[in-house]
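See below for the structure under consideration.
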Amino acid sequence: TSLRLVCIAVSVLCTMFGTGKVTGQTIGDGHFADTGFVHGMTDVHLAWPGRVWFQANLADRGLGYNGTYFTLGAKQHVFQDHLDGRWLLEARGHWGTESDTSGFFFNVGLERVFSLYAAGAEITTGAWFDWDEDLQGDFAHTMRALGANVQVETENWIAYGNGYFPVGDSNFQLGDPLQGSCFVNNLIVTRPAIDTALQGFDAMLLAKPSGLRHVNGTFGIGGYHYSSPLIDSFAGVRGRAGLQLDGGIIIQGELNHDDRFDLTGVLQIGWLFGTGARGNEYGFLGTDLDPTIRNDHVARVQQSLQVAIDPDTGRAYNVFHVDNTADSGGDGTFERPFDNLAAAEAASVDDDVIFVREGDGTTRNMDMGITLNTGQLLLGDGVRHLIPLADGTNFVLCNDEDGILPTISNDGFGAAVTLASRNTVRGFNIDGTGVDMQYGICLLYTSP
């Protein structure tokens, strides 16, 4: 389906641009050359001075994304201002290939190119908007960013830099044990889920060796730096090389290394077609319509949720929350706790955890006692709790340790807490003043 969409888009672009041939035209001081017909794979002849390309970006793991993706892009001269600046519009649409989570993302940029003849250089500045809905992983969100770029190109080298600035909601986190939030729904979180867009920049110096000019060859080295409110900032180094063959075939490769993502990279294989697929358009260098080198994805850091695993069952701990000051109709999750102890007793099964918050400190909705199932933990707020994990370590539960404990009683006949086997009860005031209460805690007798 995605390949069909790409083919349709290519056909539409060819229909929009494809009529006749380009003859010698002049812009400004006469630096638009006669390109004639451009003989690509399909002999697409463009009447407008524009360019279209299709590209496969092959990577198991890139800088902040996973999997390969396909690109359909176009770049077009828009107008020339009174200061001899040439304005260009570039748009790229991409489709990720991850089967379950991939999606569409795009970049749109407006650039101004100025020829500085005395220095033999083309100077480009631009502004970009990036929209990324290539939702990878279980905790992924649509990201948006603004960008800026600057480039100086001569006959022998290219120096460029890009800035990336996330906008809108771009920092998402689920659970944070270090900040006292280790409960999510009915789970105990030991490591939070994170999805955060990165603010930062990259820069590179590319050489254009004379021996590779027949294939528009380049290679270079650069670096990048990124940061976010949810992670430590990091920097890395980048290497890049590319060449362009007859017929508009381009091959480019990039490797990155940093402490966050380790070694990542991408191999890009594409086909340029349209006016000046081998150059010879605006400017004395003939490179105005080359695709701008920058990130396609909004760079991000994603981290999956890690939860506490019960060593007795090999499954995630299942926690039911109780707070006698909560609204009625809760479901026992951290976000919507039960308002009474009886509801937690009815909902829980063997090896579950019942966590009781201090509430208002009274026995309201806590005065009918509770009978535990096998392997259950009954834990009260106000004291430190160590939860055993499947890897043999213990996790410190991030509850309030202020010493204010919830209170349990039984105003009916029986004990406040009736045990089964392998139970843990900790962090409660047991109120034994009930008229018919026989015990505070008792062991449930089962016949052999």
Side-chain angles (χ1 to χ4, degrees), residues 55 57 59 61-67 69 71 73 75 88-96 103-112 123-137 140-152 158-173 194-206 220-240 252 254-266 268 290-303:
Q55 183 169 284
N57 306 274
R61 191 165 63 93
L63 185 64
Y65 66 91
N66 291 314
Y69 62 95
T71 297
K75 197 166 187 176
L88 309 171
L89 181 64
E90 181 173 343
R92 311 175 188 174
H94 317 272
W95 185 262
F104 178 73
F105 55 109
F106 70 83
N107 324 98
V108 177
L110 181 65
E111 297 178 309
R112 182 182 186 271
I123 302 174
T124 302
T125 56
W128 291 77
F129 175 72
D130 304 315
W131 185 84
D132 193 341
E133 200 172 5
D134 189 17
L135 305 181
Q136 301 182 354
H141 305 79
T142 299
M143 298 294 188
R144 292 160 291 273
L146 299 178
N149 70 293
V150 60
Q151 177 177 294
V152 179
I158 304 171
Y160 73 84
N162 297 287
Y164 308 96
F165 310 95
V167 294
D169 294 334
S170 60
N171 298 293
F172 301 90
Q173 183 166 328
I194 290 176
D195 186 24
T196 179
L198 302 176
Q199 175 177 304
F201 70 89
D202 59 50
M204 179 170 284
L205 178 63
L206 287 168
I221 190 168
Y224 51 89
H225 182 276
Y226 291 108
S227 63
S228 159
L230 299 183
I231 65 165
D232 295 331
S233 61
F234 64 96
V237 294
R238 167 176 291 169
R240 185 179 181 90
Q252 302 174 110
E254 183 175 288
L255 288 175
N256 310 292
H257 185 272
D258 57 70
D259 292 336
R260 168 63 63 173
F261 294 109
D262 196 18
L263 183 65
T264 61
V266 61
Q268 300 171 315
D290 284 353
T292 300
I293 303 174
R294 65 187 307 274
N295 288 345
D296 291 326
H297 281 90
V298 174
R300 68 173 75 188
V301 168
Q302 290 181 295
Q303 177 176 284

Parallel, tilted or perpendicular: which describes the rings of [X] and [Y], with under 30° parallel and over 60° perpendicular?
{"X": "Tyr224", "Y": "Tyr226", "value": "tilted"}
{"X": "His94", "Y": "Phe105", "value": "parallel"}
{"X": "Phe104", "Y": "Trp131", "value": "tilted"}

Distance-minimising heavy-atom pair for [X] and [Y]:
{"X": "His225", "Y": "Ala235", "answer": "CD2-CB, 3.9 Å"}
{"X": "Ala59", "Y": "Tyr65", "answer": "CB-OH, 4.2 Å"}
{"X": "Gln173", "Y": "Leu230", "answer": "OE1-CD2, 3.3 Å"}
{"X": "Gly62", "Y": "Thr264", "answer": "O-CG2, 3.6 Å"}

Item to complete: Test Arg294 against Asp202 for salt bridge (charged side-chain N to carboxylate O under 4.0 Å, His left out), laying out the working first.
Response: CA-CA 8 Å; Arg294 65 187 307 274; Asp202 59 50; over 6 Å; no
To the nearest 0.5 angstrom, please state how far the [atom1] atom of [X] sits from the [atom2] atom of [Y].
{"X": "Ser227", "Y": "Leu198", "atom1": "OG", "atom2": "CG", "result": "7.5 Å"}
{"X": "Gln303", "Y": "Ile194", "atom1": "CD", "atom2": "CD1", "result": "4.5 Å"}
{"X": "Thr196", "Y": "Asp169", "atom1": "OG1", "atom2": "CG", "result": "11.5 Å"}
{"X": "Phe172", "Y": "Arg300", "atom1": "CZ", "atom2": "CZ", "result": "9.0 Å"}
{"X": "Leu205", "Y": "Ile158", "atom1": "CG", "atom2": "CD1", "result": "9.5 Å"}
{"X": "Glu254", "Y": "Ile293", "atom1": "CD", "atom2": "CD1", "result": "8.5 Å"}

Item to complete: Output, in order, the C-alpha distance, side-chain angles, deciding distance and verdict of side chain to side chain donor-acceptor pair (under 3.5 Å) for Gln136 and Asp134.
Response: CA-CA 6 Å; Gln136 301 182 354; Asp134 189 17; 2.8 Å; yes
Counting only N and O atoms by type, is there a donor-acceptor contact under 3.5 Å from the side chain of [X] to the main-chain atoms of [Y]?
{"X": "Asp195", "Y": "His141", "answer": "yes"}
{"X": "Asp132", "Y": "His297", "answer": "no"}
{"X": "Arg260", "Y": "Leu63", "answer": "no"}
{"X": "Asn295", "Y": "Val298", "answer": "no"}
{"X": "Asn107", "Y": "Asp296", "answer": "yes"}

Worksheet entry | Partners passing side-chain contact (heavy atoms from CB on, under 4.5 Å) against Gln252 (at least two apart in sequence or in another chain) | Gln55, Arg240, Ile250, Gln268
Worksheet entry | Chi angles and distances behind the side chain to side chain contact (heavy atoms under 4.5 Å, CB included) call for Thr124, Val150 | CA-CA 5 Å; Thr124 302; Val150 60; over 6 Å; no
Mind listing the side-chain donor-acceptor pairs of residues 142-149 below 3.5 Å, one per line with the distance, residues two or more places apart or on another chain?
{"residue": "Asn149", "atom": "OD1", "partner": "Gly126", "partner atom": "N", "Å": "3.3"}
{"residue": "Asn149", "atom": "OD1", "partner": "Trp128", "partner atom": "NE1", "Å": "2.9"}
{"residue": "Asn149", "atom": "ND2", "partner": "Glu111", "partner atom": "OE2", "Å": "2.9"}

Practice prompt. Quick one: do Val301 and Ser228 satisfy side chain to side chain contact (heavy atoms under 4.5 Å, CB included)? Show the steps, please.
Written response: CA-CA 9 Å; Val301 168; Ser228 159; over 6 Å; no
Worksheet item: Glu90: what forms a side-chain hydrogen bond (donor to acceptor under 3.5 Å, both in side chains) with it, not counting sequence neighbours?
Response: Lys75, Arg92, Thr292
Worksheet entry | Heavy-atom side-chain proximity of Phe165 to Val167 below 4.5 angstrom | no
Worksheet entry | Check against side chain to side chain contact (heavy atoms under 4.5 Å, CB included), Phe261 and Arg61 | CA-CA 9 Å; Phe261 294 109; Arg61 191 165 63 93; 3.9 Å; yes
